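Below is one structure, written out as structure tokens; the observations come after it.
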There are 2 protein chains.
Amino acid sequence: MSTRWLTDEERVAWVRLAAVVELLPGVLDAQLRRDSRLSHFEYFVLAMLSEAPERTLRMTALAARTNATLPRLSHVVSRLEDRGLVARSPCPEDGRATNARLTAGGWATVVDAAPGHVATVRSQVLDALDDAQVRQLAQIAESILGRIDPDGVVMAPQRDAGAPTG
Amino acid sequence: MSTRWLTDEERVAWVRLAAVVELLPGVLDAQLRRDSRLSHFEYFVLAMLSEAPERTLRMTALAARTNATLPRLSHVVSRLEDRGLVARSPCPEDGRATNARLTAGGWATVVDAAPGHVATVRSQVLDALDDAQVRQLAQIAESILGRIDPDGVVMAPQRDAGAPTG
DNA sequence: CCCCATTGGTTGAAGCTTCAAGCGAACCCT
DNA sequence: AGGGTTCGCTTGAAGCTTCAACCAATGGGG
């Protein structure tokens, strides 16, 4: 089958999107590490817990929300546990499962980190766009997610109030 | 200073963009690993070399184009060298510098990998958008890059023909 | 019940990235 | 020349992710 190459317009759009995808994680990570001693992934884990009922989630559910493999999450939660930000306990309803719960210290850490993170998202992304572009971006990203995440695994239901996810 | 939180529209746009940024690298990586035994980063290194004059670039220039740190690039090039895809040689003009050159085998590898990669980009991203959205995306991504990459380090000049970068 | 497959999670090793040092070449100033 | 600084790159160790193996608990037939 012969390859259908990209048109000029497609190529420009793709090269730029690829650059954003390549650079943005580093920007977010750097700010959080600098200001809060947290990797972006660690922050995200804490943020997801902060939004969950009881600030508690089963490992599997937390892995789905953070798009992590179970081994990766297990290691990270172990380190967060060592730092006193998260506590593990066996799940009462299912003996196989483990619940991860945000501790008071973990909550304080997220609350402390959130404003700086949101400020970064604002200054590095949203403030670069006008209102129309923000709406366009929402549409475009939704379309792409329809392809790369058809089951909406990462866009899982977010109930309850809590610290902003960023 | 009090935090300016996100409006509903901003939050939707950001959550979706964040999801794309989180998922897209894995999608690209998985296809290349599966079909070409190459990580996305390795592919990108080979692609950048394939587009350079003489298919050769100094390590520093290659690091800039791939947004890699020098240590990271050095390790990766060592492994690509072990696989016979890239060759290192001292730079004649500057005794401190090292040139990385794509070998015949490396060229063949990129040429072989490119169609599948482009097909993935198409099916997972571009085909999800209409023409207007492609143009909007180019604009939006450019605006964001203006913040996160003001000096255009990653968008370095691309001269010469070669295998598509993806 | 008992067997067996599946689910939920942890663990340790291997691989890649990051970080801190280090080294030689080039540049600059006198 | 000659001494100090910067540049370009490599190296080895440490840290995080991935992978394969493993274990315990659950659930579904005979």
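The sequence lines fix the lettering, A, B, ..., with proteins before strands; numbering per chain opens at 1. Worth saying up front: this structure is predicted, and the values here are computed from it rather than measured.
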Contacts of type side-chain contact (heavy atoms from CB on, under 4.5 Å), residue [X], not counting sequence neighbours:
X: A:Arg147; result: B:Gln124, B:Asp127, B:Ala128
X: B:Asp35; result: B:Gln31
X: A:Ser123; result: none
X: B:Ala108; result: none

Using atom [atom1] of [X] as one end and atom [atom2] of [N] as the other, report the distance to the nearest whole Å.
X: A:Glu42; N: D:dC16; atom1: CD; atom2: C1'; result: 10 Å
X: B:Phe41; N: C:dC16; atom1: CZ; atom2: C1'; result: 11 Å
X: B:His40; N: C:dC16; atom1: NE2; atom2: P; result: 16 Å
X: B:Arg72; N: D:dT11; atom1: CZ; atom2: P; result: 18 Å
X: B:Glu93; N: C:dC27; atom1: CD; atom2: P; result: 12 Å
X: B:Leu73; N: C:dT17; atom1: CG; atom2: C1'; result: 12 Å
X: B:Met59; N: C:dA25; atom1: CE; atom2: P; result: 18 Å
X: A:Arg33; N: C:dT17; atom1: CZ; atom2: C1'; result: 11 Å

Quiz item: Among residues 75-90 of chain B, which residues get a heavy atom nearer than 4.0 Å to DNA chain D?
Solution: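 Only B:His75, B:Arg88 qualify.
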
Quiz item: Which of the following nucleotides, D:dT17, C:dT10, D:dT26, is nearest to the side chain of A:Leu70?
Solution: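 In terms of side-chain proximity for A:Leu70, the closest of D:dT17, C:dT10, D:dT26 is C:dT10.
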
Quiz item: Among D:dG8, D:dT11, C:dG8, which is the nearest nucleotide to the side chain of A:Ala97?
Solution: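 Of D:dG8, D:dT11, C:dG8, C:dG8 is nearest to the side chain of A:Ala97.
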
Practice problem: Would you mind telling me which residue lines up with the more 5' stretch of DNA chain D, A:Thr69 or A:Arg96, judged by nearest nucleotide? | Solution: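 Nearer the 5' end of the strand: A:Thr69.
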
Quiz item: Between A:Gly95 and A:Pro71, which has a closest nucleotide on DNA chain D that is more 5'?
Solution: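 Nearer the 5' end of the strand: A:Pro71.
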
Quiz item: Hey, are B:Arg88 and B:Ser78 close enough side-chain-wise for a donor-acceptor pair under 3.5 Å?
Solution: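 There is such a pair between these side chains.
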
Exercise. Not counting sequence neighbours, which residues clear salt bridge (charged side-chain N to carboxylate O under 4.0 Å, His left out) with A:Arg37? List them please.
Key: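 Salt bridge (charged side-chain N to carboxylate O under 4.0 Å, His left out) check on A:Arg37 returns nothing, list empty.
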
Self-check item: Quiz item: cation-pi between B:Arg65 and B:Phe44, 6.0 Å / 45°
Solution: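 No; the conditions do not both hold, so B:Arg65 does not lie above the ring face of B:Phe44.
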
